[in-house]
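Quick notes on the structure that follows.
Positions are given from 1, in the same order as the sequence printed here.
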Amino acid sequence: MHKLALGVATSLALTGCQLSNAPTSSEVAQINQQVQVRNADQQVLADIITKDWQLKLDRNPLLAASKGENSAAGKLTDMSPQALEQQYQAEIALLAQLRALNPDKLTKAERINALILEYQLANSTDLYRFKDHYIPISSESGFHAYITSISQGRFNRVEDYDNYLTKLSALPTYFAQQTHWLKLGLAQDITPPKATLKGFEDSISAYQVDVEESGYYKPFTSFPKHISQTDQQRLQTEGRKVVEQQVLPLYDDFYDFMTQEYLPGARGSIAAADLPLGRDFYENRVRHYTTLDMSAEEVHQLGLKEVARIRGEMQQIIEELKFEGSFADFLHFLRTDPQFYPKNKQQLLKEAAYIAKRADAMLPKYFATLPRTPYGIKEVPAEIAPKYTTGRYSGASNEREAGYYWVNTYALDKRPLYEMEALTLHEAVPGHHLQIALNQEQKSLPDFRRHSYISAFGEGWGLYAEYLGLEAGFYQDPYSNFGRLTYEMWRACRLVVDTGLHAKGWSRQQAIDYMAANTALSLHNITTEIDRYITWPGQAVSYKIGELTIKRLRKQAEEALGEKFDIRSFHDAILENGSVPLRVLEQQVADYIQRQQSS
């Protein structure tokens with residue numbers, strides 16, 4: 001007998017009488033059936049989550065190894081047509097099962113799990129359907145650079161080195177698989193636009209070095225003392241051989257393919273709409289990155305409105321400074337006056353570190369829950385720096401590592417110091433490091449959510465973190481405050497230029513000119529950013545949409561709670577479920593308001 005039915009029967013026996021409102025036997029059977037259906041839906045969801053996570057581990061051996069799967073320690077991702085098709089079919093099946101569930105028969109936490117998993121599976125299957133795997137490179141870099149991370153793992157045992165040797169030996173297959181997709185893309189005109197790939201070959205030649213200079217060989221240049229001399233000699237000999245004979249020639253061959261075939265044959269148009277199924281693809285990307293049912297046109301119009309609003313605030317600062325000249329003159333002054341630029345990379349890194357330490361000190365005032373994972377600061381790797389964004393956060397891959405705030409030290413005359421407060425608050429704390437580390441440390445969440453990143457939430461939080469610095473006493477210098485506004489304007493312009501480029505027929509130069517006319521970003525940064533938007537359709541619109549949503553929800557909570565509003569508990573409510581779609585975030589805040597009102 002089901003537990004609920006047993007409880008009903010026992011209750012009747014104890015009272016010794018038949019209650020008038022007691023359920024009949026048929027009603028008990030109906031209750032049992034309803035409970036069993038509900039439990040069945042819950043069990044199906046649990047099974048889907050388990051199967052999906054295993055698919056993710058199978059798809060990403062580096063992740064699997066970090067989770068203790070020893071069998072994955074010597075593997076690389078299988079990018080063969082058979083593997084990708086098998087993954088796609090498995091995800092399609094899981095997605096169908098997921099969409100067949102009755103959300104009314106799931107708990108609130110389970111409904112959130114189901115929504116986020118559906119979001120992930122829909123994105124993965126959509127990308128496969130739109131042949132995104134045909135383009136494993138972007139204007140910034142590509143698979144040939146990202147795969148070098150295998151040399152940065154933990155080397156403590158002989159087994160770690162042997163697994164690394166196995167991965168190095170698998171690189172020729174991995175490069176061949178990725179080149180296969182590039183060739184298919186070239187044949188079907190599914191490539192990054194040619195205009196965004198100028199200088200791309202430099203990201204390959206950076207790895208065309210002698211064995212001793214190769215990052216791939218670096219793990220064999222020093223060993224823990226407990227590894228015997230015999231093993232050290234063997235590993236060093238084998239390491240040198242595989243890097244010299246198998247790995248480095250891959251970069252020579254890839255360089256020749258890219259310069260002789262791919263780059264000359266890349267498509268001339270820049271709009272995602274010009275790709276096969278391009279208009280559907282771009283609208284799909286807009287919905288994915290906003291997590292809302294917004295069209296490209298709606299995003300574009302919102303961007304124009306935000307640009308006008310922020311422009312007014314920027315003009316106020318110019319007037320307060322009593323600057324004599326136009327808005328364009330002021331931007332030229334900021335871009336060209338040496339006082340705003342670091343003299344060397346140490347100055348830039350030290351400035352970032354100083355701001356980051358000040359930001360650390362503000363956290364207890366604004367957050368009740370803080371991550372235990374620390375973060376460091378380091379340069380963007382030189383191999384990718386020339387075409388890389390100005391800064392980025394790289395999260396810890398396991399509990400033995402810290403997160404890192406990357407600062408681009410390439411072209412110092414293009415890295416204005418007046419932007420550093422906004423950049424640091426966004427990438428380190430209270431921005432990405434705080435949010436991502438807290439997400440990863442929430443052991444109560446299923447793994448697929450602890451390692452999830454939803455751009456509208458994460459980037460919206462990063463932009464909100466820049467704004468929070470204003471309350472915390474940052475931006476005392478008017479130029480730094482203008483830098484904050486230029487960063488906000490940058491994200492507002494993204495709404496305009498991303499949709500302009502991919503849905504409204506804008507040229508690359510038109511987008512560059514629009515950004516240059518409205519922000520104080522250096523022209524180098526602007527060009528790099530525009531090329532990034534061209535090769536990553538839709539992602540750029542997530543920032544402003546997320547930030548505006550978080551600000552709106554905060555205002556809603558402040559107005560509803562009045563003196564009961566507490567900024568620390570509000571931030572906990574925003575971050576308590578990790579990275580979530582914005583519709584879920586709206587419900588979280590509604591629940592938070594209700595809890596606070598009734599407390």
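Under the 6.0 Å cut-off for aromatic ring centres, Phe130 and Phe281 qualify, their centroids lying closer than that. Aromatic pair Tyr128/His133: centroids less than 6.0 angstrom apart. The aromatic ring centroids of Tyr393 and Tyr404 lie 6.0 Å or more from each other. The aromatic ring centres of Tyr533 and His502 sit 6.0 Å or more apart.
Judged purely by atom type and a 3.5 angstrom limit, Asp52 has no side-chain atom pairing as donor or acceptor with the backbone of Phe448. Under the 3.5 Å distance criterion, the side-chain polar atoms of Asp498 are matched with a main-chain donor or acceptor of Gly538. Side chain of Tyr475 to backbone of Glu466: a donor-acceptor contact under 3.5 angstrom is found.
Between Asp329 and Ser326, the side chains place a donor N or O and an acceptor N or O closer than 3.5 Å (distance only, hydrogens not considered). Of the N and O atoms on the side chains of Arg285 and Asn123, at least one donor lies less than 3.5 Å from an acceptor on the other residue. No hydrogens or angles considered: a donor-acceptor pair under 3.5 Å links the side chains of Glu91 and Ser124. One side chain, Thr424 or Tyr405, offers a donor N or O that lies under 3.5 Å from an acceptor on the other. Counting only N and O atoms by type, the side chains of Arg450 and Asn439 include no donor and acceptor under 3.5 Å apart. At a cut-off of 3.5 Å, with distance as the only test, a side-chain donor of Gln509 or Asp513 sits close to an acceptor on the other residue. Side-chain contact of Glu419 with Thr486: a donor-acceptor pair under 3.5 Å is absent, judged by distance alone.
Trp461 and Tyr464 have tilted rings, their planes meeting at an angle from 30° to 60° on a 0 to 90° scale. Using the six-membered ring where Trp is involved, Tyr410 and His524 have ring planes that are tilted, between 30° and 60° apart. Using bins of under 30°, 30° to 60° and over 60° for the plane-to-plane angle, the ring pair Phe254/Phe175 lands in the perpendicular bin. Between Phe482 and Phe330, the angle of the ring planes goes over 60°, which puts this pair in the perpendicular group of the 30/60° scheme. Taking the six-membered ring where tryptophan is involved, the planes of Tyr366 and His571 are tilted, since the angle between them lies from 30° to 60°.
Residues Thr125 and Leu95 form a side-chain contact, since some pair of their non-hydrogen atoms from C-beta on lies under 4.5 Å apart. Side-chain contact between Gln476 and Ser480: absent, with no pair of heavy atoms (C-beta onward) separated by less than 4.5 Å. Proximity of Ser139 to Lys198: side-chain heavy atoms (C-beta onward) are nowhere separated by under 4.5 Å. Considering only heavy atoms from C-beta on, Asn525 stays 4.5 Å or farther from Thr519 through its side chain. Between Arg311 and Leu485 there is no side-chain heavy-atom pair separated by less than 4.5 Å. For the pair Phe143 and Trp181, the minimum side-chain heavy-atom distance is 4.5 Å or more. Residues Leu495 and Ile545 are in side-chain contact: their nearest non-hydrogen atoms beyond the backbone lie under 4.5 Å apart. Counting only heavy atoms from C-beta outward, the side chains of Arg494 and Lys544 never approach each other to under 4.5 Å.
A salt bridge does not link Arg415 with Glu351: every distance from a Lys NZ or Arg NE/NH1/NH2 to an Asp or Glu carboxylate oxygen is 4.0 Å or more. A salt bridge does not link Glu459 to Arg491: none of the charged nitrogens lies less than 4.0 Å from a carboxylate oxygen. Salt-bridge annotation for Glu586 and Arg583: present, with a side-chain N of the basic residue lying under 4.0 Å from a carboxylate O of the acidic one.
Expressed to the nearest 0.5 Å, how far CG of Leu331 lies from CD1 of Ile318 amounts to 6.5 Å. Atom CD1 of Ile550 is separated from atom CD1 of Ile574 by 5.5 Å, given to the nearest 0.5 angstrom.
Within a 6.0 Å sphere centred on NZ of Lys551, heavy atoms belonging to other residues, nucleotides or ligands number more than 12. Applying the 6.0 Å contact sphere to NZ of Lys194 captures more than 12 heavy atoms from other residues, nucleotides or ligands. No more than 12 heavy-atom neighbours from other residues, nucleotides or ligands sit within 6.0 angstrom of NE2 on His332. With a 6.0 Å radius and a threshold of 12 heavy atoms from other residues, nucleotides or ligands, Glu324 has its CD atom at or below the threshold. The local environment of CZ in Phe327 is crowded, with over 12 non-hydrogen atoms from other residues, nucleotides or ligands closer than 6.0 Å.
In this structure, Arg335 and Ser522 approach most closely via the heavy-atom pair NE-CA, 4.3 Å. Among all heavy-atom pairs drawn from Gly391 and Leu423, the shortest one is CA-CD1, 4.1 Å. Across Thr535 and Pro193, no two heavy atoms sit closer than the pair CG2-CD, 4.2 Å. Listed here is the closest heavy atom pair of His144 and Ile147: O-CG2, 3.7 Å. For the pair Leu334 and Ala520, the tightest heavy-atom approach, listed with the atom from each and the gap, is CD1-CB, 3.7 Å. A pairwise comparison of heavy atoms in Asn518 and Val307 identifies OD1-CG1, 3.8 Å as the closest pair.
Among Lys345, Lys378, Glu379, the single residue meeting the side chain to side chain donor-acceptor pair (under 3.5 Å) criterion with Thr409 is Glu379. Remark: of the listed residues Glu471, Glu547, Glu559, Glu471 is the sole one forming a salt bridge (charged side-chain N to carboxylate O under 4.0 Å, His left out) with Arg554.
At least one test fails for Lys387 against the ring of Phe200: distance under 6.0 Å to the centre or angle within 45° of the axis. Remark: Lys183 fails to qualify as a cation-pi partner of Tyr262 under the 6.0 Å distance and 45° angle criteria applied to the six-membered ring. Cation-pi check for Arg279 over Tyr282 is not met; the charged atom does not lie both under 6.0 angstrom from the ring centroid and within 45 degrees of its normal.
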Carefully, step by step, assess Trp490 and Tyr543 under the rule ring-ring contact (aromatic ring centres under 6.0 Å, His included).
CA-CA 10 Å; Trp490 173 20; Tyr543 296 67; 7.6 Å; no
Check step by step if salt bridge (charged side-chain N to carboxylate O under 4.0 Å, His left out) holds for Asp531 and Arg508.
CA-CA 8 Å; Asp531 286 345; Arg508 178 173 176 266; 2.7 Å; yes
Test salt bridge (charged side-chain N to carboxylate O under 4.0 Å, His left out) on Glu297 and Lys504; report intermediate values, then the result.
CA-CA 9 Å; Glu297 182 60 29; Lys504 299 180 76 68; 2.8 Å; yes
If you apply the rule side chain to side chain contact (heavy atoms under 4.5 Å, CB included), what do you find for Tyr479 with Leu321, and how did you get there?
CA-CA 9 Å; Tyr479 294 108; Leu321 287 167; 3.7 Å; yes
May I have the step-by-step check of salt bridge (charged side-chain N to carboxylate O under 4.0 Å, His left out) for Arg484 and Glu421, ending in yes or no?
CA-CA 8 Å; Arg484 175 188 69 84; Glu421 283 189 319; over 6 Å; no
Evaluate the criterion salt bridge (charged side-chain N to carboxylate O under 4.0 Å, His left out) for residue pair Arg309 and Glu488; output intermediate values, then yes/no.
CA-CA 11 Å; Arg309 177 187 64 80; Glu488 188 180 4; 2.8 Å; yes
Just do the side chain to side chain contact (heavy atoms under 4.5 Å, CB included) check on Val286 and Val299 with the steps written out, would you?
CA-CA 8 Å; Val286 169; Val299 170; 3.9 Å; yes
